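In what follows, a single structure is set out as structure tokens and then discussed.
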Amino acid sequence: MRVTIVLSYVFYCLGILFFPSKVNADAMDVTPAPSWIQSIELSSPSSIPVNDLSNGTYYLLYDRQINALAKETEYYRRYALQLLNTSAVEDNSQIQIDYDPSYERLQLHTLNIVRDGQVIEKSKTSRFQVLQSEREQDALIYNGALTLSIIIEDVRIGDVLDYSYTIYGSNPVLDGKFSTSLGTDWSVPIHQAEFSLLWPDGKPIKQRSERTADQMSVETNDGVSRYFYSVINSSARTLESDTPEWYEPWGRIYLSEYSDWSQVVDWAIPLYEAALDAQEGVAEQLVSLNLSLMQPEQKITQALFFNQQQIRYLGLEMGTNSHAPSSAETTLQRRYGDCKDKVVLLLAMLKRLGIEAYPALVNTETGETLTERLPSALAFDHVIVKVLLNSKVYWLDPTRSYQVGALDEIYQPDYGYALVIKKGVTELTRMAGTTPNTSMLIEETFDLTQGVDQPGVLSVKTRYTGRDAEYQRNRFAQNSLQSISNKYQGYYQQEYGELLQASSLTINESVDGAFVSKEEYQLLQPWSVDDDQKQYYLDFYPGTLTEYTKEPSSVKRKDPLHITYPLDNRHIIKVKLPEGWHFNAESFYEKNNIFDFEAVYSFDATLSELTLDYRLRHLKSFVTPAEIERYRASLGKLDRYLAYQIYSTPPEKTFWEEISANTSVPELLAIGSFGLVFILYIFSLIAWRIAARRYQPSEQVFYPVTTSRFMALSLGTFLIYVSYWFYRNWRYVSVTDKPSVMPIMRGIFAWFWYFPLYSRLLQSSNQYFGENRLFSKVVAMFLAIAFMFAWFGTSAQSDLLSLTALIITPLLLLPLVNFIKQLNIAQGNKEAVAKNSVLRVYHFAVILGTGLLCLNYAAISSNITATQQILEGNALWKHHLQFFWDQRLVDAKRSPVMFYSDSVIDFRLDGNGFTKEGVFSYWQVNDQLVTERASFSDIESIKPAYSEDDLENTTVTITRLDGSEFVLYLNSVGKLDNSFVNELQSYWRHQR
């Protein structure tokens with residue numbers, strides 16, 4: 001019957017959730033305020049504290065009145081808010097009022113906008129909806145509360161929103177007991193705040209003030225006591241950052257009908273006793289757990305673990321279920337429950353096992369300050385179990401997850417104070433007294449025995465206990481092992497540079513309930529270089545401690561500072577080194593009432609092993625304002641011990657050792673050939689300048705050379721000689737009759753000066769021969785245009801076209817070259833022709849250098865070396881395939897479909913491609929080859945990011961099914977990257 005009622009209510013709530021009712025003003029029963037309400041006249045402040053406002057909202061009036069005389073308690077609220085900016089309008093144009101329909105009903109009294117002194121009634125033009133709010137559903141708590149949502153039309157900046165309502169009724173589970181509290185100041189400024197309570201005269205009610213000297217006033221008339229309190233122009237009391245959850249700086253006045261905590265105990269005992277009466281199935285469940293031969297401590301933990309692991313958390317806290325637990329029988333049958341339900345089931349099991357245990361009401365947020373307030377059943381938000389065994393007290397929470405280990409080893413929460421539900425209990429119980437069983441021990445072992453400037457190995461073992469172990473178990477349950485492994489690897493890569501995962505991340509449970517993880521990485525180049533000191537160095541940090549040792553930003557505080565508690569972190573760093581190292585032992589301790597810190601350094605010369613042992617323990621959960629300055633000073637002492645550097649000065653390498661150590665054979669050949677070309681060109685330049693100074697040119701007209709020398713040097717210098725030939729001829733013109741001519745510029749832009757040079761030569765032909773011994777101007781114009789096209793054709797992307805243009809360009813100049821030679825012969829300047837036509841040593845050096853460049857270009861063009869072009873598989877050579885096979889990038893005897901290397905010289909330095917079966921990528925990091933490979937069946941997505949220009953690479957992100965990723969890089973020239981990606985995605989889709 002109980003289950004049927006609950007399901008009916010759930011379906012009712014779901015109906016409201018998915019089919020929210022639209023209600024007009026009449027249906028919402030908009031009525032005048034009850035007669036017992038004391039109307040407050042809205043007043044205007046003399047000034048508005050704009051700088052203290054939150055989101056531009058100023059509370060002109062906060063009026064709260066309670067009538068406890070009626071059969072059902074009435075709670076009246078009135079708010080008047082002045083909206084001073086756009087944010088205020090957006091935040092307040094929709095009003096939401098929550099209520100529990102199982103025992104409360106809502107009446108709206110006023111909904112007005114005050115604009116320029118005019119009151120505008122808004123209830124008839126506003127839109128009303130009743131919604132299923134369930135604001136705690138993320139915490140798996142469903143309380144059935146409804147929300148009246150009011151969307152108000154035409155709200156403007158400067159308006160005053162003034163609305164009021166009454167909620168009738170109280171939760172019947174409280175048996176009519178009344179308690180409440182009111183603030184005396186707030187985090188935002190309030191112009192006027194009013195509170196009043198109508199209470200039967202002579203009926204006891206207590207009042208207590210905390211963090212304020214204010215008290216409520218009382219006036220009595222006709223058997224009715226009216227408690228009232230008023231505040232005018234309350235300034236804002238802001239809360240500093242990083243304060244404890246339990247801390248509140250604001251003044252508060254408590255009112256309660258409970259005379260002491262024993263009355264709360266007496267209220268709660270029947271609720272839990274009734275739930276414990278029905279225990280069908282509990283005995284059978286205990287039998288199935290095979291507890292008979294276990295010690296009492298083991299029986300307790302097994303009963304606790306059953307509740308944590310087999311009874312899932314789900315709170316259906318509608319109406320009286322907010323405080324009344326379900327029976328043990330019901331919770332066991334449905335295998336879910338909230339904290340109350342799970343506590344009752346655990347108590348039922350422990351009672352049958354002969355274990356003394358009781359419910360304990362706690363507040364998970366403000367439990368530290370429970371002693372400040374008056375007794376009330378509303379003071380708590382959670383319930384746990386207090387267990388008594390062998391004069392020991394255990395606080396057990398069946399709603400916690402992933403607890404493992406013996407009774408004395410599992411984490412016991414400390415919420416400050418608890419109210420134990422046991423006959424005779426009259427006071428709160430302080431929970432503190434046991435040392436929190438929570439710790440983390442991390443051991444990082446660096447194997448650097450290969451020497452300075454060499455790779456190393458990092459092994460990491462981390463051991464968690466107590467709450468830290470629970471957190472890690474939950475983390476690994478919520479996330480994939482691979483995603484966590486990637487985060488761990490990313491952390492160490494940020495600290496120690498490029499690395500490879502040497503072995504997979506593993507996790508296991510130890511017999512004492514600890515959670516243990518292990519990692520291992522190959523550090524490719526852990527050492528850094530100090531060029532100024534010519535030293536290699538390596539820094540070590542206790543990373544698990546540094547986040548807790550940062551000094552607070554503020555020197556002075558008015559609120560306490562929260563610090564993590566419990567915290568017991570130990571970080572051990574072991575460094576294995578080659579023989580010959582030595583370190584001095586050292587230790588440092590800082591102990592105070594807030595934390596204990598120690599750093600102990602030692603060195604084992606026999607093992608050549610350095611050990612850095614750090615430990616930090618927090619002794620409490622907060623730092624008082626009076627302690628802040630001393631706390632900062634204590635943390636400042638730790639700085640020099642939170643990093644440790646080792647350094648060494650290795651013997652210097654020779655130039656050739658340095659080159660050979662960092663360069664592959666193909667790179668050496670390429671660098672050598674380019675180096676030789678550079679040397680040959682420099683030699684030629686110097687030799688040419690020396691020869692030019694020694695050589696006294698004979699009488700000559702223009703610059704005469706033989707056609708064979710002209711062709712040889714033009715082709716042998718990739719047309720550089722053509723520019724020089726133009727320069728020499730225009731220099732003759734500049735010297736003889738046109739000083740304004742700039743020979744160098746006409747040499748550089750030779751392609752433009754063909755026809756002008758022809759015209760000058762034609763003038764000389766007429767001068768010396770009296771006729772045109774060249775050719776017609778029409779032919780000259782045609783040749784000039786052809787020369788221009790041929791010159792620019794040498795830069796064509798087509799190798800054939802470029803080579804053809806390279807040969808044609810000097811050929812088009814041969815008529816001019818031959819004319820100048822014949823002109824000089826006719827003028828008797830044969831000696832000048834002969835001297836200018838001699839091929840000297842530096843000419844041959846230039847031709848040799850050009851030949852080497854041609855060979856390199858041929859190697860690149862034929863794909864023998866890296867081309868920085870996307871290649872199809874049939875364009876690859878045998879040495880490409882052999883490399884792929886050797887590195888297991890491609891299956892043996894298989895060939896890539898397409899391939900690209902971004903390396904300029906050696907394709908083995910980096911590259912990526914794909915076969916018919918999958919994708920591969922590789923690159924060099926500190927002389928170590930890093931490879932990635934994924935079959936198409938293991939790929940979740942292939943996402944290209946195309947480059948917008950030829951200067952940037954296109955990237956293709958390959959995401960595996962386990963979430964890991966790697967990236968392919970492609971040249972975007974010629975849009976071949978599109979073809980690569982299309983082919984790749986086609987193979988992938990075909991095999992999915």
Side-chain angles (χ1 to χ4, degrees), residues 301 305 308-309 400-406 408-411 436-448 455-524 526 539-549 564-576 609-618 642 960-965:
T301 56
F305 297 159
Q308 291 176 339
Q309 299 168 13
R400 298 189 75 85
S401 301
Y402 305 106
Q403 287 196 319
V404 176
D408 287 318
E409 293 166 347
I410 62 175
Y411 172 70
N437 183 26
T438 292
S439 66
M440 180 179 73
L441 169 62
I442 180 170
E443 296 181 72
E444 296 174 335
T445 302
F446 293 82
D447 186 345
L448 305 174
V457 176
L458 168 60
S459 302
V460 185
K461 179 181 178 181
T462 311
R463 185 179 187 273
Y464 305 90
T465 65
R467 190 179 69 174
D468 288 349
E470 294 177 34
Y471 172 79
Q472 292 300 325
R473 293 185 188 105
N474 180 68
R475 183 188 183 196
F476 278 87
Q478 298 290 333
N479 301 277
S480 70
L481 187 66
Q482 184 61 51
S483 66
I484 296 176
S485 177
N486 291 342
K487 291 181 180 178
Y488 285 178
Q489 184 173 342
Y491 167 79
Y492 282 111
Q493 184 162 306
Q494 185 176 7
E495 293 293 326
Y496 300 106
E498 290 293 329
L499 52 81
L500 300 174
Q501 191 176 55
S503 60
S504 300
L505 171 67
T506 61
I507 57 174
N508 61 78
E509 299 282 355
S510 67
V511 293
D512 61 355
F515 182 85
V516 181
S517 66
K518 294 182 180 179
E519 315 154 61
E520 185 169 282
Y521 307 99
Q522 182 181 5
L523 307 178
L524 300 182
D539 294 317
F540 301 99
Y541 306 92
T544 56
L545 273 60
T546 52
E547 64 176 298
Y548 303 109
T549 56
T564 301
Y565 182 84
L567 177 75
D568 185 359
N569 286 8
R570 187 180 180 190
H571 197 129
I572 300 175
I573 301 173
K574 295 183 177 180
V575 187
K576 298 180 179 180
E609 183 174 281
L610 170 68
T611 300
L612 312 174
D613 192 345
Y614 303 89
R615 186 177 184 182
L616 175 66
R617 290 190 306 129
H618 282 172
L642 293 174
R960 298 186 179 93
L961 295 174
D962 61 9
S964 60
E965 297 179 344

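Since we're looking at a predicted model, the values are computed, not measured. Counting from 1, the numbers follow the sequence of the chain as shown.
Qualifying side-chain contact (heavy atoms from CB on, under 4.5 Å) partners for Tyr541, counting only residues two or more places apart in sequence or in other chains: Glu495, Asp539, Ala643. Contacts of Tyr464 classified as ring-ring contact (aromatic ring centres under 6.0 Å, His included), with partners at least two apart in sequence or in another chain: none. Judged as a side-chain contact (heavy atoms from CB on, under 4.5 Å), and not counting sequence neighbours, the contacts of Ser483 are Asn479, Ser480. With sequence neighbours left out, the ring-ring contact (aromatic ring centres under 6.0 Å, His included) criterion links Tyr411 to no other residue. Contacts of Asn569 classified as side-chain contact (heavy atoms from CB on, under 4.5 Å), with partners at least two apart in sequence or in another chain: Met440, Asp468, Thr544, Leu545, Tyr548, Leu567. By the side chain to side chain donor-acceptor pair (under 3.5 Å) test, Gln472 is found to be paired with no residue, residues two or more places apart in sequence or in another chain being considered.
The structure places CG of Asn508 at 6.0 Å from NZ of Lys518, a figure rounded to the nearest 0.5 Å. If you take OG on Ser459 and CD on Glu443, they are separated by 11.0 Å, rounding to the nearest 0.5 Å. Taking CG of Leu610 as the start and NZ of Lys574 as the end, the distance is 11.5 Å to the nearest 0.5 Å. Note: Leu458 CG to Glu520 CD = 8.5 Å, rounded to the nearest 0.5 Å. In this structure, CG on Leu481 lies 9.5 Å from OH on Tyr488, to the nearest 0.5 angstrom. Between the OH atom of Tyr614 and the OG1 atom of Thr546 there is a distance of 10.5 Å, given to the nearest 0.5 Å.
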Margin query: Please determine whether side chain to side chain contact (heavy atoms under 4.5 Å, CB included) holds for the pair Asp568 and Arg615, giving the CA-CA distance in whole Å, both sets of side-chain angles, and the decisive distance to 0.1 Å.
Written below: CA-CA 7 Å; Asp568 185 359; Arg615 186 177 184 182; 2.8 Å; yes
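Closest non-hydrogen pair, Gly513 versus Ala469, comes out as O-CB, 4.5 Å. Closest heavy-atom contact between Arg475 and Ile484: O-CD1, 3.8 Å. Taking every heavy atom of both residues into account, Pro542 and Ile573 meet most closely at N-CD1, 4.2 Å. A pairwise comparison of heavy atoms in Pro526 and Leu448 identifies CG-CD2, 4.1 Å as the closest pair. Residues Ala514 and Thr465 share a closest heavy-atom pair of CB-CG2, 3.9 Å.
Side-chain contact between Arg570 and Ser439 is absent, with no heavy-atom pair separated by less than 4.5 Å. Between Glu519 and Gln489, every side-chain heavy-atom pair lies at or beyond the 4.5 Å cut-off. Contact annotation: the side chain of Asn474 never approaches that of Ser401 to less than 4.5 Å [non-hydrogen atoms, C-beta and beyond].
No side-chain N or O of Asp613 forms a donor-acceptor pair with one of Thr611 less than 3.5 Å apart.
For an aromatic pair to be called close, the ring centres must be under 6.0 Å apart, and Phe476 with Phe515 satisfies this. The aromatic ring centres of Phe540 and Phe446 sit less than 6.0 Å apart.
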